[in-house]
Amino acid sequence: MKSLEELRAIREKMQGQVGLRDEDDNVTRVVVGMATCGIAAGARPVLNAFVEGVAEKGIGDKVMVTQTGCIGMCKYEPIVEIMEPGKDKVTYIKMTAEKAKEVIDRHLIRGQIVSDYTIS
Amino acid sequence: MYRSHVLVCGGTGCTSSGSAQIVEKLESEIAKNGLSDEVQVVKTGCFGLCALGPIMIIYPEGTFYSMVKVDDIPEIVSEHLLKGRIVSRLVYDETVTDKGIKSLNDTAFYKKQHRVALRNCGVINPENIEEYIGTGGYEALGKVLTEMTPEEVIQTILDSGLRGRGGGGFPTGMKWKLARNIVPDADQKYVCCNADEGDPGAFMDRSVLEGDPHVVLEAMAIAGYAIGASQGYIYVRAEYPIAVKRLEIAINQAREYGLLGKDIFGTGFDFDIGLRLGAGAFVCGEETALMTSIEGNRGEPRPRPPFPAEKGLFGKPTILNNVETYANIPQIIVNGADWFASMGTEKSKGTKVFALGGKIKNTGLVEIPMGTKLRTIIEEIGGGIPNGKKFKAAQTGGPSGGCIPAEHYDIEIDYDNLIAIGSMMGSGGLIVMDEDNCMVDIAKFFLAFTVDESCGKCTPCRIGTKRLYELLDKVTKGQGTLEDLDKIEDLCYYIKNNSLCGLGQTAPNPVLSTLRYFKDEYIAHVVDKTCPAGVCKDLLKYVIDKDKCKGCTLCAKQCPAGAIEGSVKNPHTIDQSKCIKCGACMEKCKFGAISKK
């Protein structure tokens with residue numbers, strides 16, 4: 001390495017990684033149901049789509065993607081809950097990796113709830 | 001991209017309780033569940049809560065698992081990592097509340113801490129330079145080399161008020177300034193790091209080296225730029241194998257990335273670091289002895305002046321700073337002197353790491369702002385003294401320091417306050433003692449250490465500490481007289497005033513401070529021939545209360561010396577001439593009939 005730019009490039013690349021280890025109460029939590037029912041219905045690709053999408057869009061400092069157990073509505077799995085600080089929880093149902101990308105773009109970035117996918 | 005990080009402590013404490021096997025099992029279980037691409041296992045440095053090891057934290061949830069066993073791993077992987085269900089029976093109980101699991105940072109142990117020197121310990125993988133860079137590493141070095149003059153660097157360190165964390169508390173910036181200016185035409189200068197942590201009970205330098213080795217390398221390079229040196233040496237004890245291994249890895253990685261070596265950041269600045277292993281002599285923590293040892297000679301001190309800043313390693317101007325001191329430097333450069341000076345007290349800025357040990361619940365490493373009360377450290381962060389015992393004293397500064405008695409429980413810890421009450425900061429070992437500790441015995445313990453470790457070069461230390469030990473031994477055996485106590489005190493001052501180096505000059509401190517605050521205990525040993533805490537074997541005897549004894553014979557069976565006599569269902573007695581005072585009978589008695597007096 002011969003320049004500060006190269007150092008900063010490594011730093012930026014790694015920040016998405018080590019940034020996961022910060023604990024901050026002011027982040028939006030994206031919670032994917034990953035119980036047996038969720039996994040069977042395809043929650044893993046959804047979870048990974050969120051993890052990758054959030055990193056790709058560079059919003060990792062504001063959004064934390066995590067998982068939870070069975071929410072109790074197994075027939076609607078994969079379920080994703082989005083909790084923004086100070087706002088009501090939004091529950092998306094029957095999610096797929098494609099829908100996840102849309103939710104990242106519209107909900108997480110632009111702040112519009114994608115009501116087509118929410119629980120009615 | 002990993003969605004979850006599993007951090008497992010790879011510090012010395014957790015390694016000895018089996019964290020390496022846990023990592024192995026984790027990796028195989030994660031692979032078995034097909035999660036290898038989603039979950040990353042990271043071996044970090046010490047988290048500080050060594051009493052609860054092996055420790056594991058899972059992010060992004062921040063779930064803190066303590067005392068994890070290899071057999072627990074399949075459950076953690078299949079429940080937590082696969083299904084997102086926290087395995088609550090393994091979670092550190094302090095983080096469990098009615099409302100669920102709270103953050104580790106909100107527990108009593110971490111809440112009052114402020115981590116500067118330890119900021120990356122337990123957070124990053126110390127064997128991966130990119131993780132260090134990811135948390136802002138080597139940015140300070142970049143800033144110094146491209147934006148600051150050496151004088152500005154020294155001024156920043158001076159303004160920050162940083163003082164040496166190895167114990168003496170000399171202003172770091174002043175040391176650097178002297179080394180830069182005192183010999184203007186020096187052809188070579190050296191930057192050394194004292195990683196020969198030898199105080200019994202102190203392990204903060206070890207934790208920094210094991211958990212965040214790059215911070216030391218970065219700071220040494222900054223120091224090299226500031227004083228005009230191109231070569232550094234880390235003197236680390238060979239008894240720290242994990243630290244040595246991680247330092248080797250770190251130095252190689254830094255060279256590979258061009259952060260050590262020639263023409264760093266293309267600025268024309270050269271700096272490299274060599275590792276030197278100490279063979280375990282305590283005296284080699286003393287600066288002149290340390291440098292003599294690096295030169296390849298027998299580790300013995302020499303008189304000062306000349307000070308190392310003028311004539312140090314190989315006769316060249318040298319600075320020697322402690323590991324923890326260096327660990328503060330990069331952040332002072334990045335955040336500024338004012339930021340650092342805003343923490344702490346008037347004359348002691350910043351934070352200090354303490355190694356909590358002895359009679360305390362949360363044995364481990366804590367970093368607190370200077371000026372924190374001793375009571376806060378022990379009762380809130382340390383979790384108090386186990387078994388409802390009473391606080392008697394805390395020993396700081398190891399064999400060079402002294403004790404802080406209960407009357408100073410509310411003292412605000414900084415360099416000057418500790419000196420004022422006859423102790424010292426030392427490297428930061430903090431050993432807590434309760435009412436079951438005999439202060440004469442403690443003084444004798446520390447003195448036995450210095451007798452062993454005296455290098456023998458000067459007479460006051462070599463012979464003085466030995467004679468002092470013999471006098472203390474006499475007292476603990478009940479053979480001492482009041483005149484002996486006066487002799488002890490005189491001898492202490494003689495050793496202090498006449499020894500060649502810091503080892504001898506501070507060796508009597510544990511004796512002087514216990515004499516100062518616990519003279520009544522010394523007098524009890526000498527006049528009443530008793531040990532109030534019930535520690536000194538020659539002064540106590542075990543007796544059986546014949547009213548409470550049911551004659552169960554358990555004690556007699558237990559006694560290794562055959563000193564207990566008596567028949568079934570009749571009260572037993574102890575033959576004092578045979579008793580070896582091991583206490584085995586007292587532990588076994590179900591009726592509380594045996595006591596020591």
Side-chain angles (χ1 to χ4, degrees), chain A residues 1-25 27-40 43-57 60-61 63-71 77-81, chain B residues 1-5 7 33-35 37-38 40 42 44 57-63 78-86 102-106 110 120 122-125 128-139 141-143 145-147 254 256-259 261 263-267:
Chain A
M1 179 182 345
K2 276 293 157 243
S3 69
L4 276 176
E5 285 67 49
E6 286 172 69
L7 181 76
R8 296 212 170 109
I10 299 178
R11 181 174 182 188
E12 246 143 61
K13 180 187 90 187
M14 290 307 291
Q15 239 162 8
Q17 279 285 308
V18 290
L20 187 68
R21 298 172 208 162
D22 278 340
E23 284 184 42
D24 189 348
D25 296 337
V27 296
T28 299
R29 286 159 47 92
V30 176
V31 182
V32 182
M34 285 276 283
T36 306
C37 51
I39 295 170
R44 290 264 296 275
V46 174
L47 176 65
N48 288 328
F50 269 107
V51 170
E52 279 154 25
V54 164
E56 210 170 278
K57 303 285 180 190
D61 53 337
V63 179
M64 160 180 150
V65 182
T66 173
Q67 45 175 351
T68 186
C70 179
I71 297 169
E77 292 283 358
I79 296 176
V80 174
E81 295 178 311
Chain B
M1 196 69 203
Y2 296 105
R3 64 170 165 85
S4 185
H5 295 187
L7 274 56
N33 283 282
L35 295 171
D37 295 334
E38 298 173 25
Q40 184 189 24
V42 185
T44 70
I57 298 191
I58 299 185
Y59 286 106
E61 295 87 359
T63 311
S78 67
E79 284 295 301
H80 189 143
L81 294 174
L82 188 62
K83 298 179 191 153
R85 286 194 288 242
I86 288 172
K102 68 178 177 184
S103 161
L104 188 60
N105 294 332
D106 292 334
Y110 286 103
N120 281 331
V123 178
I124 63 164
N125 175 355
N128 182 349
I129 189 172
E130 296 205 348
E131 292 215 348
Y132 178 65
I133 295 173
T135 58
Y138 288 105
E139 197 166 293
L141 180 61
K143 182 178 174 185
L145 293 183
T146 56
E147 295 171 23
E256 221 170 274
Y257 280 69
L259 296 162
D263 193 22
I264 298 170
F265 287 125
T267 57

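The sequence lines fix the lettering, A, B, ..., with proteins before strands; numbering per chain opens at 1.
- Only the side chain of B:Thr146 comes within contact range of chain A, with heavy atoms under 4.5 Å apart.
- Comparing B:Gly136, B:Gly137, B:Ser4 by how many heavy-atom pairs each has under 4.5 Å with chain A, the most go to B:Gly136.
- In this structure, A:Ile10 CD1 and B:Glu131 CD are separated by 13.0 Å, a value rounded to the nearest 0.5 Å.
- With sequence neighbours left out, the ring pair (Phe, Tyr, Trp, His ring centres under 6.0 Å) criterion links B:Tyr138 to B:Tyr132, B:His214.
- Within the 4.5 angstrom heavy-atom criterion, only side-chain atoms of A:Arg44, from C-beta onward, approach chain B.
- No option in A:Val51, A:Thr66, A:Val32 other than A:Val51 meets the side chain to side chain contact (heavy atoms under 4.5 Å, CB included) test with B:Arg3.
- Atom CZ of B:Arg85 and atom CD of A:Gln67 lie 10.5 Å apart (nearest 0.5 Å).
- Contact count versus chain A (heavy atoms, under 4.5 Å) is highest, among B:Gln40, B:Glu79, B:Lys83, for B:Lys83.
- When the candidates A:Val54, A:Leu47, A:Val31 are compared by the number of heavy-atom contacts under 4.5 Å with chain B, A:Leu47 comes out ahead.
- Neither the backbone nor the side chain of B:Ile129 comes within contact range of chain A, judged by heavy atoms closer than 4.5 Å.
- Contacts with chain A were tallied for B:Leu82, B:Leu81, B:Leu141, B:Ile124; B:Leu82 has the most, counting heavy-atom pairs under 4.5 Å.
- Heavy atoms closer than 4.5 Å to chain A are found in both the backbone and the side chain of B:Glu139.
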